[in-house]
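Below is one structure, written out as structure tokens; comments come after it.
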Amino acid sequence: TQLLEQSPQFLSIQEGENLTVYCNSSSVFSSLQWYRQEPGEGPVLLVTVVTGGEVKKLKRLTFQFGDARKDSSLHITAAQPGDTGLYLCAGEYPDKLIFGTGTRLQVFP
Amino acid sequence: DVKVTQSSRYLVKRTGEKVFLECVQDMDHENMFWYRQDPGLGLRLIYFSYDVKMKEKGDIPEGYSVSREKKERFSLILESASTNQTSMYLCASSWVPGQPYEQYFGPGTRLTVT
């Protein structure tokens with residue numbers, strides 16, 4: 001069974017702080033995606049990384065794919081209450097996505 | 001924008017009932033997926049389909065079946081609902097034929113089986 005471990009599981013911070021979420025596996029993925037899910041809604045795709053070492057930025061969010069394509073990180077600069085939600089990484093296998101168990105982020109004003 | 005809709009946001013059913021969960025996508029995507037999401041277990045793949053009338057078992061297909069008669073519609077069927085099927089059910093679609101790359105999710109159906 002393929003596993004994608006995310007850390008931390010929970011994160012509670014003040015507005016303006018920086019944070020990093022990690023997504024790790026022993027498997028190599030064709031691509032890795034990050035999603036954000038708000039309560040009572042489905043996940044929404046944020047970004048896809050494909051190449052080992054790739055870095056993508058989405059406003060205050062920076063995503064990096066590990067050189068060996070086994071891990072990824074999400075860094076948020078100056079977090080805002082609107083960043084609150086469940087962050088999920090998902091690694092692409094030949095015919096399915098493997099989802100991590102998620103990091104629940106709460107940003108307080 | 002891709003739109004994936006699910007027939008119900010909340011559903012309450014009794015043990016033993018047959019339950020139909022409907023999912024429709026409007027972007028002509030080839031691929032569709034059904035997941036369930038439970039606390040501490042993440043998203044688990046139940047069934048997926050890469051073409052009309054085609055279906056493949058995911059990681060937890062027991063107790064479920066699916067139907068894909070039209071490209072835009074993918075139905076999940078609980079033949080005889082049980083309490084351990086109480087969960088959030090999420091439908092998704094993706095655009096690259098035959099690949100799960102970049103999935104777009106519906107809002108989910110929270111099913112309670114009593």
Side-chain angles (χ1 to χ4, degrees), chain A residues 1-10 21-25 27-51 54 56 58 63 65 69 72 74 85-106, chain B residues 1-6 8-10 21 23-25 27 29-51 54-61 87-111:
Chain A
T1 303
Q2 306 91 357
L3 284 177
L4 256 179
E5 295 184 2
Q6 284 187 242
S7 61
Q9 281 188 298
F10 301 96
V21 175
Y22 299 94
C23 175
N24 294 292
S25 175
S27 301
V28 176
F29 295 106
S30 305
S31 71
L32 194 134
Q33 286 125 59
W34 285 92
Y35 294 81
R36 180 170 65 211
Q37 184 178 19
E38 299 189 13
E41 300 294 332
V44 175
L45 179 66
L46 295 174
V47 79
T48 300
V49 285
V50 179
T51 307
E54 183 177 2
K56 279 193 175 178
L58 188 67
F63 305 85
F65 203 11
R69 291 187 289 134
S72 182
L74 157 60
L86 178 67
Y87 288 81
L88 297 163
C89 63
E92 182 189 353
Y93 248 58
D95 62 355
K96 60 184 177 182
L97 288 185
I98 306 298
F99 283 85
T101 49
T103 294
R104 193 166 295 280
L105 172 65
Q106 177 83 50
Chain B
D1 278 353
V2 176
K3 191 158 187 184
V4 180
T5 56
Q6 295 184 229
S8 305
R9 295 298 297 269
Y10 300 94
L21 302 182
C23 175
V24 177
Q25 50 94 3
M27 283 301 291
H29 284 181
E30 300 289 335
N31 316 318
M32 296 188 76
F33 308 83
W34 273 107
Y35 296 88
R36 61 178 285 177
Q37 184 176 29
D38 301 287
L41 296 176
L43 271 78
R44 293 180 290 168
L45 182 63
I46 305 172
Y47 268 96
F48 60 100
S49 169
Y50 283 157
D51 200 355
M54 175 265 186
K55 58 186 178 186
E56 292 284 345
K57 292 180 180 179
D59 298 319
I60 52 163
S87 186
M88 173 73 136
Y89 288 88
L90 291 161
C91 175
S93 69
S94 69
W95 57 280
V96 178
Q99 294 185 30
Y101 187 80
E102 294 191 347
Q103 294 183 14
Y104 294 86
F105 284 84
T109 296
R110 186 163 293 283
L111 172 67

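- Heavy atoms closer than 4.5 Å to chain A are found nowhere in Tyr10(B), neither backbone nor side chain.
- Not counting sequence neighbours, the partners of Arg9(B) by the salt bridge (Lys or Arg N to Asp or Glu O under 4.0 Å) test are Glu41(A).
- In this structure, the separation between CZ on Phe99(A) and CG on Leu90(B) is 9.0 Å, given to the nearest 0.5 Å.
- Partners of Arg110(B) under the salt bridge (Lys or Arg N to Asp or Glu O under 4.0 Å) rule, at least two apart in sequence or in another chain, do not exist in this structure.
- Looking at Gln6(A), neither its backbone nor its side chain comes within 4.5 Å of chain B, counting heavy atoms on both sides.
- Atom-to-atom distance recorded for Leu88(A):CG and Gln37(B):CD is 6.5 Å, nearest 0.5 angstrom.
- With a threshold of 4.5 angstrom between heavy atoms, Val50(A) approaches chain B through side-chain atoms but not through N, CA, C or O.
- Interatomic distance, CD of Glu102(B) versus CG of Leu45(A), reported as 5.0 Å (0.5 Å rounding).
- When the shell of 6.0 Å around CD of Gln106(A) is examined, it contains more than 12 heavy atoms from other residues, nucleotides or ligands.
- The backbone N or O of Pro43(A) sits nowhere less than 3.5 Å from a side-chain atom of Tyr104(B) that would complete a donor-acceptor pair.
- Residues Gln33(A) and Gln103(B) have side chains that never bring a donor and an acceptor to within less than 3.5 angstrom of each other.
- The parts of Leu43(B) that come within reach of chain A are both its backbone and its side chain, each placing non-hydrogen atoms under 4.5 angstrom from that chain.
- Contact of Tyr101(B) with chain A is made through backbone and side chain together, with heavy-atom distances under 4.5 Å.
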